[in-house]
Amino acid sequence: MSAVITVRSPYDDSVIGEVPAQTAADVDRAVAIAKQALHANPLPLWKRAEILDRAALRLTERREEFAQIIAREAAKPIRTARVEAERAAGTFQFAAAEARTLSGEMIPLDAIPSGEGKLGFTLRVPIGVIGAIAPFNFPLNLVVHKVGPAIAAGCPVVLKPASQTPFSSLALARMLIDECGLPAEYLQVVTGSGGTVGNALVDHPDIALITFTGSPDVGWSIRARAPRKRVGLELGNNAPCIIQPDGDWRSAAAKIKVAGFSHAGQSCISTQRVFVHRSIAAEFTAELAAHVDSLIVGDPLDDATEVSALISTAERDRVVGWIEEATAAGATIAAGGVVQADGVLRPTLIANASHEMKVCSQEVFGPVVAVAAYDTLDEAIALANDTRFGLQASIFTADITVALHAVRTLDFGGVLVNEVPTWRADQQPYGGLRDSGNTREGPAYSVREMTEIKMVVLS
Ligand code: NAP
């Protein structure tokens with residue numbers, strides 16, 4: 001019998017199911033099938049758009065089923081999992097729009113004497129077989145952010161989901177193939193460890209592009225390992241949020257209650273570092289602490305639950321260690337900081353945090369928000385920018401001049417005003433600077449990455 005991976009619930013360790021532990025030979029087979037499909041069965045634009053339209057429709061109809069799968073395998077509270085499934089349907093809609101409008105451009109060749117009498121234009125052609133490697137934290141929507149644009153671009157995909165969350169990907173592939181008309185060769189899911197299956201995809205000569213979402217260490221090692229491939233990286237962050245004294249700080253506190261703790265902080269743009277003006281720091285921290293204390297923590301399948309378990313007990317213990325390190329260095333716990341009887345770490349608010357603490361300088365990827373007071377705006381912006389990450393940042397202020405100054409000086413892939421840095425629309429260009437990555441996702445941007453420009457000259 002071939003090897004299997006047993007997937008267990010991060011919340012109560014119950015067995016959810018098994019998937020095959022596939023090998024490099026399985027990757028070879030899948031890539032060969034995908035390559036053959038690209039040449040033998042290219043998808044015309046109308047078909048790509050039709051498949052994506054159906055996918056949006058079926059995902060909407062089957063939203064609850066997909067939400068249940070996400071909640072079980074990722075311990076994402078079912079309420080949040082429903083939102084993810086809904087967003088994934090929207091991502092397919094935006095990908096369908098790209099399929100309908102994918103086009104090249106006219107190049108005015110007669111702008112030089114030797115081009116007179118010639119007609120020039122570009123086509124956008126599929127880049128080739130895509131290797132997609134996905135993280136555990138949005139096991140459906142972040143997979144759709146890779147698969148949807150790939151279908152729009154006409155590229156077959158070999159997809160490796162995170163080992164903890166393979167079932168969303170497997171259900172998605174079945175739906176696309178059985179219910180939406182996608183030829184089976186255009187989406188093959190390979191399950192197995194990152195070291196085996198992931199590396200085999202990265203190394204494969206017939207994979208034209210790797211689209212990777214996950215941790216910076218793995219992401220940059222893939223970039224180094226595949227210098228001749230196009231490699232798109234969506235990586236980590238420690239998102240900052242600045243709160244000016246004239247900003248609507250009550251609204252900021254209410255939003256951070258969700259933005260810092262949704263899926264137990266396991267979002268790449270989870271609000272992590274809050275810089276609040278000293279004049280309102282005490283009031284703001286007390287208000288946010290009350291919000292955090294009110295969060296309902298427990299079973300992800302319970303409709304009332306707002307925060308559940310981290311992806312593993314090892315991750316929980318790491319985050320607890322970082323909280324202890326911060327308090328030993330002088331920070332105080334304003335809310336949470338304890339592990340419940342069911343093993344779940346309570347959402348934690350750390351006050352008097354400072355830059356040297358891991359909860360500020362690193363990506364926590366857990367239910368922890370760290371608050372620090374500042375005196376001047378320039379100081380706050382310098383603190384926010386003092387990071388190796390650069391995905392999204394935000395500021396709350398009522399002053400348009402301050403807002404525009406922050407937009408200009410916050411050095412991130414996205415800057416939000418009077419909103420948390422955790423807010424994201426699926427059609428926006430989404431991606432980071434520095435260690436946060438090297439690309440932008442969002443169907444319109446991903447489709448460009450997944451196609452090549454072919455120049456045509458008619459003489
Ligand atoms: P991860 O440990 O890096 O894993 C991501 C994927 O890479 C998984 O499928 C994993 O497989 C695979 N992998 C591991 N080692 C590999 C290797 N040597 N070669 C190829 N693939 C390999 O990340 P994660 O814990 O799932 O996700 C958390 C991270 O993702 C955080 O840093 C978060 O900020 C980031 N993230 C970024 C974005 C964004 O859009 N910027 C969005 C979501 C998450 P296994 O599961 O089998 O190990």
Side-chain angles (χ1 to χ4, degrees), residues 5 7 10 19-22 24 27 73-74 76 84 87 91 131-146 158-169 189-204 207 210-226 229 231-239 262-272 310-312 314-315 318-319 362-366 387-392 412-414 421-422 424 426 428-442 445-446:
I5 297 172
V7 180
V19 291
Q22 288 179 283
V27 171
E73 65 182 4
K76 180 172 284 192
E84 179 175 347
R87 278 181 57 188
T91 306
I133 303 178
F136 72 81
N137 63 336
F138 285 85
L140 183 63
N141 192 34
L142 288 183
V143 168
V144 172
H145 264 285
K146 301 184 183 311
V158 180
L159 164 68
K160 190 209 120 33
S163 294
Q164 176 59 44
T165 56
F167 297 110
S168 299
S169 285
V189 180
V190 284
T191 50
S193 75
T196 303
V197 167
N199 279 339
L201 274 175
V202 171
D203 292 344
H204 204 292
I207 294 277
I210 293 284
T211 166
F212 173 86
T213 303
S215 59
D217 286 354
V218 175
W220 292 114
S221 74
I222 289 175
R223 171 68 284 180
R225 201 177 164 111
K229 282 188 175 50
V231 176
L233 303 176
E234 290 283 2
L235 311 173
N237 194 36
N238 54 2
S262 182
H263 198 198
Q266 297 166 118
S267 156
C268 44
I269 38 173
S270 196
T271 301
Q272 179 179 324
L310 281 167
I311 201 67
S312 66
E315 277 297 285
R318 173 188 62 78
V319 176
Q362 310 289 316
E363 177 184 36
V364 174
F365 221 57
T387 170
R388 65 189 179 104
F389 299 112
L391 203 43
Q392 296 207 139
F412 290 80
T422 315
R424 173 191 183 179
D426 287 298
Q428 75 174 67
Y430 177 74
L433 315 176
R434 301 182 289 280
D435 271 9
S436 290
N438 64 357
T439 190
R440 295 292 180 274
E441 259 183 8
Y445 308 91
S446 300

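Whatever order the structure lists ligands and atoms in, that order sets their numbers, starting from 1.
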Worksheet item: Just by modelled atom types, is the Val197 backbone N or O under 3.5 Å from a matching donor or acceptor in the Gln22 side chain?
Response: no
Practice prompt. Report the C-alpha distance between Val319 and Phe365 in whole Å, list the side-chain angles of each, state the deciding distance to 0.1 Å, and finish with yes or no for side-chain contact (heavy atoms from CB on, under 4.5 Å).
Written response: CA-CA 8 Å; Val319 176; Phe365 221 57; over 6 Å; no
Worksheet item: Can you list every pair that meets salt bridge (Lys or Arg N to Asp or Glu O under 4.0 Å) and has a residue in residues 429-438, with sequence neighbours left out?
Response: Arg388-Asp435, Asp411-Arg434
Worksheet item: So among Ile269, Leu391, Thr271, which one has a side-chain contact (heavy atoms from CB on, under 4.5 Å) with Pro421?
Response: Thr271
Worksheet item: Okay, side chain of Glu441, backbone of Gly431: is any donor-acceptor separation there less than 3.5 Å?
Response: no
Worksheet item: Hey, are Glu84 and Arg87 close enough for a salt bridge, meaning a charged N less than 4.0 Å from a carboxylate O?
Response: no
Item to complete: Anything with a heavy atom under 4.0 Å from ligand 1 counts, so go ahead and list those protein residues by chain and number.
Response: Ile133, Ala134, Pro135, Phe136, Asn137, Leu142, Lys160, Pro161, Ala162, Ser163, Gly192, Ser193, Gly194, Gly198, Asn199, Phe212, Thr213, Gly214, Ser215, Pro216, Val218, Ile222, Glu234, Leu235, Gly236, Cys268, Glu363, Phe365, Leu391, Tyr430
